[in-house]
Every structure is written in C-alpha cells, then in structure tokens.
Amino acid sequence: MSFKLTDKVTWVGKIDWELRTFHGDEYSTHKGSSYNSYLIRDEKTVLIDTVWGPFAEEFVANLKKEIDLNEIDYIICQHGEVDHSGALPLLMKEIPDTPIYCTSNGVKILKGHYHQDWNFVEVKTGDTLDIGESTLTFVEARMLHWPDSMMTYMSGDNILFSNDAFGQHYASDLMYNDLVDQCELYQEAIKYYANILTPFSALVTNKIKEVLSLNLPLNMIATSHGIIWRDNPAQIVEKYLEWADAYQENQVTIVYDTMWNCTKRMAEAIAEGIKSVSPDTTVKLYNAAETDKNDIITQLFKSKAFLFGSSTVNKGIMNATGGLLEMIRGLGFKKKKAAAFGSYGWSGESVAIIEEKLKDAKLEVVQEGIKVLWNPDEEAIEKCIEFGKNFAMKL
Ligand code: FEO
C-alpha cells in the first residue's frame, strides 16, 4: 500500500493491524499502529524514516515498486528507535552510500543499534536541505521523546513531518484525521501523550512555542504513527499545549488491588463519600490487576486527584498496584492530589508504603491514609465514606 499526500509526497509506510503491545509489553496498542514513512520527489528524492524491523523486507519490496532505490538522494532518519529505523540495515545493503541525515545523537543511536558506519550527515535546528522547489528545514526535538528526536518541515507543501510527536497508536486505512472516528482518534492521541510524553511536558511546551514563533504555514502534520493531521492541523498542537500544562479534568480516579474484596469495598465506600460532596465530579474505579495499565495511566492523567488502595500482602503491597505506582513515579504527573487506603489482617503495612510511593512520585498526599482490619463492617464503611468526603473537600 502507498498513497499520495500531495503531488510530491507519498506515504510508503506499514499499517500494523496486529500490534497489541509496544515498547516490549510496556504500552498496550488495542487498535494496532502504523509506521509512517514518506517519499518526497522533487528535483531530489528523499525518504523520511522507515518502518520496524519485522516489516523491513515488505517495506523495501514495496519501495522498489514505487521507485528505483538508486534514485533516492537522501534518507532522513528523524529518530533512531527501531520502530522507525528498523528497515535501514536492509535498505542500506541496497544503497550503501546514500547519505543519512540525522542529529548527532541520532548517529550515536543508529551506530549503537546497527554497528554500521553509514554515510551520516549530522544536522541541527535551522539547517536546511534544498531539494528543488521545496526546502527541508530540520528542527531538533531533543527528548521528545529520545535524545535524537527531530522534526522536518517541508516548504511549498507546508508539511511538518513530526515523527513521534502528535502521533497515535491507531491503525486505520483512512489515514487522515478528518476521515476517522474522532473519539477513537483522540482516545489514542491522549493515551499516547499520557503514557509517553508526560515526563517531557515542559519541553513540549517550549518546543511548540519555538516552532510557532517561526510563523510557518502549516497544511499538514505528518506523524510517524497513526493518522496524518490535515484538517485544521493546529488542533492537535493546541491539545498538546493543554495536555502539557498539568492537564486535569474534574475527575477523581480510584485504583485498587484486592485479595478478598475488602479493599474493593473500601474503594466503593470512598467513591460514595466523594460523590456525596462533589456530585459533578466524575469518579472512576479500576481494579489494577484487572485493567490495562496504560488505560489506567490515561485516566490518572485526566484526573485532578487519585487514590490508591491495596491489601497488605507479605508486609507489602500487591504487585499490580506496585507496578502502577512505579509508572507514576517515572511519568512525573504535576499538580495532582492523592491519598492511600487498604485492608489488612495482621501487620498492615500497605497504606504507609503507598503513601511513601505517592510522595516519591511528587504527588500531594492531602490526608493520612485509611486502614481497615479484615472485612470492613458498617462502622468501617462509614469511616471510608467520611474519608471520601474529606478527600473531596480538599480538592
Ligand atoms: Fe515511534 Fe520513539 O519511536
């Protein structure tokens, strides 16, 4: 499959309908993904990015149907992660001398992955490549989300090839934002931001301001995953500015793990207490062990506050809760409030451990956690409801 974005630009990537996990098992991809590669034919011919290694043979074979590989003058590698560079080794066997344009960090990363001394040309922000009627301008996007990440702006067609930024893990044959289901699109876009870009939010804001200050006309944002933004492409830029600014909705999320439903009963009673004080607040409950971790992270990203609960097991917390708390520590959510709860039978360490982990994640723990011995009785349920009320009043 290939299709033309414009007279000069052709998509030559791969839609991966089967993909269900990404970054190993770190990111769930319920709707598959795509690896978008673009071929620009002006006076010079340019290939921007490739695809993941398992699709290398298919990619090179399809590219040969599109063009004589020897006609490719330049390859631009915007990001060395293997989902975009994975077909380079096979492609470079065919055209070994073709220059590969990337950042200095890109050279290190590509050498680190493939151990090849290809014909690298290092570029930095503001460097340009004249390819005929159009000019390509490079914009480094360091740590968005790897040290080598960069974007490329094509004049004339006014396309920003944004690599991972503004992307989504979303397989669709429709490929454009105005053609796909908007709920699916934005669900995947916010999940992508929440799970991958949250730690770099300050950089996102600065980079967007830097690009906007150039006042470049923008007809399309051609991402490296998912659909291409051609209908009002600024909409996703505006969303990113919102998401990068300690984003929150009027939502409280309660995450728990439970052995015999005692902690679950506490979670439901706490939710009842929150709702009684703040009926307009969306309160969502998730059993950490039963729910996709990245979907929970997306809900936490949208929340102004959250609570974590776990039974005590072996003087510790249950593993699904522990895994999520570690993800939260790494993501570095800003300006969110939190508290802990949990049931126990004898030693009862879980609440103190969760509180410690919430503080370690730089969250504001607004009240002391609540512990219940064994199965909560009526009095304990009342205390949990009160706990929820107090929590809601602190938001
Ligand atoms: Fe889609 Fe960071 O690779």
Side-chain angles (χ1 to χ4, degrees), residues 11-38 47-56 58-59 75-89 91 100-114 123 138-152 160-172 175 177 185 188-201 203-204 207-208 221-229 236 240 243-244 294 297-298 327 330-331:
W11 180 95
V12 289
K14 170 68 186 175
I15 298 179
D16 190 350
W17 293 96
E18 282 193 355
L19 190 77
R20 288 297 174 269
T21 64
F22 188 80
H23 285 157
D25 282 331
E26 277 298 287
Y27 188 110
S28 60
T29 47
H30 307 314
K31 295 190 174 67
S33 192
S34 69
Y35 317 104
N36 298 337
S37 169
Y38 301 96
L47 181 72
I48 298 187
D49 295 329
T50 68
V51 301
W52 188 28
F55 301 107
E58 180 182 339
F59 171 76
I75 295 168
I76 295 173
C77 184
Q78 301 191 107
H79 177 28
E81 195 163 9
V82 295
D83 51 326
H84 307 295
S85 66
L88 272 180
L91 182 63
I100 298 176
Y101 284 65
C102 58
T103 63
S104 57
N105 283 323
V107 176
K108 290 177 200 155
I109 287 169
L110 290 170
K111 284 187 174 175
H113 279 310
Y114 305 114
V123 295
F138 303 109
V139 181
E140 288 173 274
R142 200 171 292 188
M143 292 317 298
L144 294 176
H145 67 127
W146 272 24
D148 68 324
S149 300
M150 75 165 180
M151 306 183 194
T152 306
L160 180 68
F161 297 95
S162 63
N163 195 255
D164 281 331
F166 311 120
Q168 338 83 44
H169 287 303
Y170 181 24
S172 170
M175 290 308 297
N177 69 309
L185 169 60
E188 292 309 320
I190 196 170
K191 177 179 175 180
Y192 192 96
Y193 190 97
N195 284 274
I196 294 179
L197 290 167
T198 294
F200 313 113
S201 287
L203 298 173
V204 169
K207 185 54 58 179
I208 288 176
I221 296 177
T223 64
S224 63
H225 294 294
I227 62 84
I228 296 158
W229 302 89
I236 190 62
Y240 263 47
W243 293 339
N294 305 106
I297 290 293
T298 308
M327 289 172 82
L331 289 168

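Indexing begins at 1, ligand by ligand and atom by atom, following the structure's order.
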> Which atoms of the protein, restricted to N, O or S, are nearer than 2.8 Å to atom 2 (Fe) of ligand 1?
Replying inline: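 Per the 2.8 Å query on atom 2 (Fe) of ligand 1, atoms found are H79 NE2, E81 OE1, H145 NE2, D164 OD2.
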
Quick one: are [X] and [Y] in side-chain contact, heavy atoms under 4.5 Å?
| X | Y | result |
| --- | --- | --- |
| E81 | D148 | no |
| F55 | I15 | no |
| M143 | P199 | no |
| W146 | H79 | yes |

>> Let's go through S34 and N36 carefully: what are the C-alpha distance in whole Å and the side-chain angles of both, what is the deciding distance for side-chain hydrogen bond (donor to acceptor under 3.5 Å, both in side chains) to 0.1 Å, and is it a yes or a no?
In response: CA-CA 6 Å; S34 69; N36 298 337; 2.9 Å; yes

> Which is it for Y101 and T152 under the side-chain hydrogen bond (donor to acceptor under 3.5 Å, both in side chains) test, yes or no, and what are the steps along the way?
Replying inline: CA-CA 11 Å; Y101 284 65; T152 306; over 6 Å; no

